[in-house]
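Here's the structure, in structure tokens; my notes come after.
FYI, side chains are in, hydrogens and waters are out, and symmetry mates aren't considered; it's all heavy atoms of this structure. Within every chain, numbering begins at 1; the chains are lettered A, B, ... in the order of the sequence lines, protein sequences first and strands thereafter.
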Amino acid sequence: MPKNLVIVESPAKAKTIEKFLGKDYQVMSSFGHIRDLAEKGIGIDFENNYEPQYVVSTDKKKLVSELKKATKDSETIWLASDEDREGEAIAWHLYEELKLKKENTRRIVFHEITKEAILHAIENPRDIDVNLVDAQQARRVLDRIVGFELSPILWRKVRPSLSAGRVQSVAVRLIVEREREINQFSAEANYRVSAVFTSVDVNGKAVELKAELQQRFATKAEAQAFLETCKNAQFSVDNIITKPAKKSPAPPFTTSTLQQEAARKLGFSVAQTMQVAQRLYEAGKITYMRTDSVNLSDLALGTSKAEIISMAGPKYVHIRKFTTKSKGAQEAHEAIRPSYMNAHTVEGTSQEKRLYELIWKRTIASQMADAELEKTSIYISVSGSPLQFVSSGEVIVFDGFLKVYIESTDDDTDAENESLLPAMKNGEKLQSTEIVAQERFSQKPPRYGEASLVRKMEELGIGRPSTYAPTISTIQNRLYVEKGDRTAEKREYNVLKLKAGKITDKIKEENTGAEKSKLFPTDIGTVVNDFLTEYFPEILNYNFTADVEKEFDNIADGDIKWTVAIDKFYKKFHPIVLDTMQNSERQVGERILGVDPASGRQLSVKIGKYGPLAQIGTVEEEEKPVFASLRKEQSIESITLEEALDLFKLPRQVGEFEGKVMTVAIGRFGPYIRHDATFYSLPKTDDPMEVSTERAIEIIEEKREVEKNRIIQTLGENGEIQVLNGRFGPYFTCDKVNYKIFPKGTDPLTLTLERCLELIAAQPEAANKKKPFGRKAAAAKTETKEKPKAKPKAKAKPAAKKK
DNA sequence: CAGTGAGCGAGCTTCCGCTTGACTT
């Protein structure tokens, strides 16, 4: 039995360390925190100076008893959790829960996983830092108080099962406020003038030069006047300025920057990035993926340098030490980097390969030389006008890090092809081939995507690397926010063109405002946000986390007791909770849009039992109100009176077919046509308000055609087996259970009754799936999948249901 | 798969951070 037991947080780490330490050491993992505040109730004893009630998490019970057993057999126990606030608390919880003794317990920390670093740590043990532990307890208790006192208010005043918290509520606020900025935005137009000049270069060759006027015109008249001036103007090179420029590489990846780049370059969702990174980490290919540090170990710097030299030569090396600038960073780990810099790629799925290569390039590039550029600007004067055109070009003199990696930006709209300019002389005369004044509109602020929301949260110091992805899921699961697309709208713009001495004036059309996979606030999200910001402005303040972090630092420094800090907060916060619970109205987000011209009754929108609705009339009136649901893409905040009135025009009869009426309406699953008790979904491209009789018949016939082709063949005496065409290809059904056909590629027409029975026998699970797991079980399943905390309750429920 | 919108009110829901598992769609 080894004399020493080392406990770290992650099993992958444990495995590596065990190799370094040899036979005398056993290394185990705690899998993060082993205990937490009691899940039932608030888990804090307010009568007893905020005493936290800690409970070993159900999924950790077995682990804790194993750890306990291992400690009994060891002479010395080494607590080697991370060096930050949470890591210190993990060490303390282990100490408490495993009932360790001070004499044979050591607290150690190391910053990189190398033999030297670990041996050095073992030679320099210390005690558990109680102040740092207390800072974590304050953090934990504060979050519990905020979350568990605010959420019930929402259950009462808005809707059951909602949630609020220090992090998630602010994340939602960012999205709601951005949406308002967009709604209130009005595009301003101005005129941008560009020109194409020709000349002869120093070698006598004809060259072309594109240039842009430095000034923009606010009105069409001004642009027109300028073009008039240009009609008879002389153009000449006024000045040529060439200056050197530099570009430096970005620092290595943190969790947040990895999520952003993977979203931009690979199109990964935040959760996807983390899953793929986790697999790379577990396979030993990269360092830990939840980190806020941009620091690289000396080992990594050394191997990077060697790699760059062999790849590109010594002049491409530039070793850099990056420092973190994000708020509240705790830097318990290294930056995210390849474990071995000489591995340019890895084996694995294509996602793993692509993410790995991204990490490798970013890491290598961070240690490479700056790129050197030469920027040239040619200024062109216009006779009869003080204004100047400018043509700019950029030449890469030395590529440096650009050899391997170019960082993306969210708005790469200005990616003009800046290139080499022709050689010119001062005073040179130019001919203009055309000069165009084009109307340009200012851009709406962009909506957040998952990754850009993470970036903003990191900037505000809200949330941690381990919680970015879960928080993004939570606010979507609560239906505060949803991911969606906006199709482009057409917009007209004006183009004035001067060519061959003539000015033409044309209207052109452009697409604008298309967005993909962005975060939109829902009506519930907006109502909850407005309610919370009104009653709890302090919690919803963007600086709240930063402010409490300062207080946690004071606790960690020993300047204030954690219970005193919490008491200060609670004495302010709790009375507002009580007051809000008592005195605030129920929140339905009602907006009165105006009057229905047909009836003269009030038209309003609000959140109803089944979602947002429009309502004509009020309950106080004698005549009952009339209701209509809002459409999916509409919101209470932005719907207009006209749009709301349109909702009452459905259901609408669109004529007859085969002697039966056809009705168009919008249901739970979108617009549909109803005919002879059958439903036909309307394709997205059809507007339910516009569908004609002919078009409706067409849709019905199309669906019938698909239905007809659905059945490939029928087998069995009474046709109990049907071979069908489904969304995922052919399958067959027997007794209301669906079965796969294999091997893949089997021609469904060759299937016989015997073969089908064989296939049924080969997939007995298919039959079992349906019965014990009903709809509820399926729902519970997705629930637990969405939030990693598997709740035993959710699993127990369906089990109890089946008899 | 597709009509809902009054109110009785059982018992339930919820936070943030640290870490991975396991078993059917």
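Residue-level contact check: A:Thr545 touches neither bases nor backbone, having no heavy atom under 4.0 Å from any strand. Residue A:Val167 is in sugar-phosphate contact alone, with no base atom involved, counting any heavy-atom pair closer than 4.0 Å across all strands shown. Counting any heavy atom pair closer than 4.0 Å across all strands shown, A:Ser681 reaches a base atom. Note on A:Tyr281: only backbone sugar-phosphate atoms sit closer than 4.0 angstrom, heavy atoms only; bases stay farther off. Using a 4.0 Å heavy-atom distance criterion, A:Tyr288 is classed as a sugar-phosphate-only contact. In this structure, A:Ser30 reaches neither bases nor backbone, as no heavy-atom distance under 4.0 Å exists between it and the strands shown. Residue-level contact check: A:Glu149 touches neither bases nor backbone, having no heavy atom under 4.0 Å from any strand. Among the heavy atoms of the strands, none lies under 4.0 Å from A:Leu142. Residue-level contact check: A:Arg144 touches the bases, meaning some heavy atom is under 4.0 Å from a base atom. Base contact: A:Ser151 has a heavy atom under 4.0 Å from a base atom. Using a 4.0 Å heavy-atom distance criterion, A:Gln136 is classed as making no nucleic acid contact. Within the 4.0 angstrom heavy-atom criterion, only backbone atoms of the sugar-phosphate kind lie near A:Gly463; the bases stay farther away. Within the 4.0 angstrom heavy-atom criterion, only backbone atoms of the sugar-phosphate kind lie near A:Pro11; the bases stay farther away. A:Ala665 comes within 4.0 angstrom of nothing in the nucleic acid, heavy atoms only.
As a whole-Å value, the separation of A:Phe627 CZ from B:dT4 C1' is 10 Å. Rounding to whole angstrom units, CD1 of residue A:Ile539 and C1' of B:dT14 are separated by 15 Å. Taking atom CG of A:Leu682 as the reference point, atom P of B:dC1 lies 18 Å away to the nearest angstrom. As a whole-Å value, the separation of A:Gln278 CD from B:dC18 P is 14 Å. Here B:dG5 presents its C1' atom at 13 Å from CG of A:Leu630, a figure rounded to the nearest Å. In this structure, CE of A:Met274 is placed 17 Å from C1' of B:dG21, rounded to the nearest angstrom. Atom pair A:Glu549:CD and B:dC16:P shows a separation of 14 Å (rounding to whole Å applied). In this structure, A:Phe31 places its CZ atom 12 Å from P of B:dT19, rounding to the nearest Å.
Between A:Tyr672 and A:Phe679, the angle of the ring planes goes over 60°, which puts this pair in the perpendicular group of the 30/60° scheme. Between A:Tyr50 and A:Tyr570, the ring planes are perpendicular. Angles over 60° get that label, and only those under 30° would be called parallel. Taking the six-membered ring where the residue is Trp, A:Tyr54 and A:Trp92 present perpendicular rings, their angle passing 60° and hence far from 30°.
Counted by atom type alone, A:Asn541 and A:Glu538 present zero donor-acceptor pairs between their side chains at under 3.5 Å. There is no side-chain donor-acceptor pair under 3.5 Å between A:Ser256 and A:Gln259. Donor-acceptor pairing under 3.5 Å is recorded for the side chains of A:Ser81 and A:Arg107.
Ranking B:dC16, B:dC18, B:dG3 by closeness to the A:Ser466 side chain, first place goes to B:dC18. Ranking B:dT20, B:dC15, B:dC18 by closeness to the A:Glu282 side chain, first place goes to B:dT20. Nearest nucleotide to the side chain of A:Arg166, out of B:dC18, B:dA2, B:dC16: B:dC16.
Of the side-chain N and O atoms in A:Arg85, none sit less than 4.0 angstrom from OP1 or OP2 of B:dC18. Distances shown here put every side-chain N or O of A:Thr467 at or beyond 4.0 Å from the OP1 or OP2 atom of B:dC16. Contact check, A:Arg139 against B:dC15: no side-chain N or O comes under 4.0 Å of OP1 or OP2. At the phosphate of B:dT20, OP1 or OP2 sits under 4.0 Å from a side-chain N or O atom of A:Ser10. Between A:Arg290 and B:dT19 there is a side-chain polar atom (N or O) within less than 4.0 angstrom of OP1 or OP2. Dashed line: the shortest gap from a side-chain N or O of A:Arg478 to OP1 or OP2 of B:dC15 is under 4.0 Å. Under 4.0 angstrom from either OP1 or OP2 of B:dC15 there lies at least one side-chain N or O belonging to A:Gln168.
Taking the C1' atoms as reference points, B:dT13 lies 16 Å from B:dG9, given to the whole Å.
In this structure, A:Arg144 is positioned above the aromatic face of A:Phe148, its NZ or CZ under 6.0 Å from the six-membered ring centre and within 45° of the axis.
Of the charged side-chain nitrogens involved, at least one lies within less than 4.0 Å of a carboxylate oxygen, so that A:Arg140 and A:Asp36 count as a salt-bridged pair.
Both stacking criteria are satisfied for A:Phe148 over the base of B:dT14: a centre-to-centre distance under 5.5 angstrom and an angle between ring planes under 30 degrees.
Of the two residues near DNA chain B, A:Ala12 and A:Ile607, the one whose nearest nucleotide lies more 5' is A:Ile607. Position along DNA chain B of the nearest nucleotide to A:Ala628 versus A:Gly165 favours A:Ala628 as the more 5'-ward residue.
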